[in-house]
Amino acid sequence: MTEPPLPAPEPGRRAQLAANLAAVRARIDRACAAAGRDPAEVTLVAVTKTYPAGDVVSLAGLGVTDVGENRDQEAAPKAAEVAAAGVRVRWHFVGQLQRNKARSVVRYADLVHSVDSVRLAAALAQAAGRYRDRPLAALVQVNLDGAPGRGGALVGGADPDREVAAVAAEIAGRAELRLAGVMAVAPLDWEPERAFARLAEVAEQVRGAHPEAVAVSAGMSGDLEAALRYGATHVRIGSALLGMRPTLR
Ligand SMILES: *Cc1c(COP(=O)(O)O)cnc(C)c1O
């Protein structure tokens with residue numbers, strides 16, 4: 001399949017993205033300095049949902065290496081367009097994921113942040129075995145407040161399919177997957193500090209059983225400073241880089 005060529009980005013858009021990127025990098029640098037951390041150990045994941053492939057290409061031209069998406073229907077064609085433009089970035093899947101999308105996601109994603117059930121881990125492993133030539137990195141998404149309906153596995157939850165330690169063990173036990181760490185979204189009604197302090201505890205527990213699981217994906221446009229204070233290795237930044245999205249999701 002040949003992709004139509006991408007329209008050249010408007011110069012104004014590129015300048016806007018450059019300014020936003022500089023501001024976000026400055027926030028990361030300041031937060032790392034305050035926490036006594038090296039910004040080089042933090043991966044900025046630009047969450048480009050609702051924005052076009054051209055923005056991904058522009059961001060890549062500005063030095064962004066990692067891009068996040070939360071819906072397969074949008075991410076799969078966007079990743080294809082970016083690849084067809086000859087641009088290589090690492091794709092992070094950060095949204096709730098249905099098992100029937102595993103076969104699509106494993107083909108373009110380098111890292112899935114949102115693995116929150118044993119059954120999803122198994123589906124990803126099976127798909128990765130079929131469609132990939134190297135393991136897929138996976139993070140266990142943690143539901144910090146136990147609110148039902150939200151993505152994420154529970155610590156010590158009663159449902160063994162959606163229990164953090166069980167999901168981590170399933171990922172770690174699959175040759176087609178690589179357990180990279182944990183991820184969470186701070187609950188809306190919690191102070192970010194409380195959320196990320198709790199996630200840091202969960203991360204430590206997971207590392208106790210799986211020392212290789214060093215990644216902590218936490219922090220978005222509104223709370224990246226708190227996340228970095230509590231050890232985030234990956235921050236997922238959408239609106240501060242790309243602008244406010246037309247629809248909330
Ligand atoms: C959209 C999204 C982000 C980015 O959120 P912003 O507040 O726009 O920075 C981060 N993580 C996940 C899981 C998302 O869906």
Side-chain angles (χ1 to χ4, degrees), residues 16-17 19-28 31 42-53 55-56 59 62 64-76 78-79 89-98 101 105 108-117 120 124 137-145 147 149-153 164 167 180-193 195-196 198-199 202-203 215-249:
Q16 181 73 65
L17 292 173
N20 292 349
L21 178 61
V24 167
R25 289 217 187 276
R27 284 176 65 188
I28 292 172
V42 176
T43 301
L44 168 62
V45 180
V47 180
T48 51
K49 63 190 181 195
T50 78
Y51 288 98
D55 280 353
V56 177
L59 286 168
L62 294 165
V64 168
T65 53
D66 293 79
V67 172
E69 287 284 332
N70 73 334
R71 291 171 60 239
D72 176 62
Q73 303 92 294
E74 180 180 346
K78 199 181 292 184
V89 292
R90 272 190 296 273
W91 291 91
H92 297 245
F93 193 87
V94 303
Q96 277 192 44
L97 180 55
Q98 245 115 50
K101 301 286 191 220
V105 167
Y108 59 84
D110 296 284
L111 220 135
V112 176
H113 291 227
S114 44
V115 184
D116 61 359
S117 75
L120 175 59
L124 286 167
L139 277 63
V140 181
Q141 184 177 350
V142 181
N143 177 337
L144 292 170
D145 64 353
R150 200 200 294 275
V164 168
V167 178
V182 296
M183 174 273 217
V185 177
L188 275 179
D189 54 347
W190 282 28
E191 290 294 323
E193 284 75 9
F196 299 133
R198 177 65 188 136
L199 181 63
V202 178
V216 178
S217 169
M220 315 201 311
S221 293
D223 57 17
L224 72 87
E225 286 83 2
L228 289 170
R229 194 174 322 143
Y230 287 96
T233 62
H234 292 67
V235 291
R236 309 180 307 269
I237 309 300
S239 51
L241 275 178
L242 290 126
M244 292 306 283
R245 288 177 294 275
T247 52
L248 252 187
R249 61 182 194 204

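In each ligand, atom 1 is the first atom listed, and ligand 1 is the first ligand listed.
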Any donor-acceptor pair under 3.5 Å linking the side chain of Lys78 with the backbone of Thr48?
yes
For Ser239, counting its heavy atoms only, list the atoms of ligand 1 lying under 4.0 Å from any of them.
6 (P), 7 (O), 8 (O), 9 (O)
Below 4.0 angstrom from a heavy atom of Ile237, which ligand 1 atoms are there? Numbered from 1 as shown, please.
9 (O)
Ligand 1 to Gly238 polar contact by distance, N or O atoms, under 3.5 Å:
yes
Ser114 side chain reached by Val94 side chain, heavy atoms, under 4.5 Å:
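They are not in contact (no side-chain heavy atoms under 4.5 Å apart), so the answer is no.
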Closer than 4.0 angstrom, basic N to acidic O: yes or no for Glu74 and Lys49?
no
So, does Arg245 sit close enough to ligand 1 that a heavy atom of it is under 4.0 Å from the ligand?
yes
Distance (rounded to the nearest 0.5 Å) between Asp110 CG and Asp66 CG:
8.0 Å
Check Glu225, Arg198, Arg229 against Glu193 for a side chain to side chain contact (heavy atoms under 4.5 Å, CB included) and give me the one that passes.
Arg229
Any idea which of Arg71, Gln141, His234, Arg236 brings a heavy atom closest to atom 12 (C) of ligand 1?
Arg236
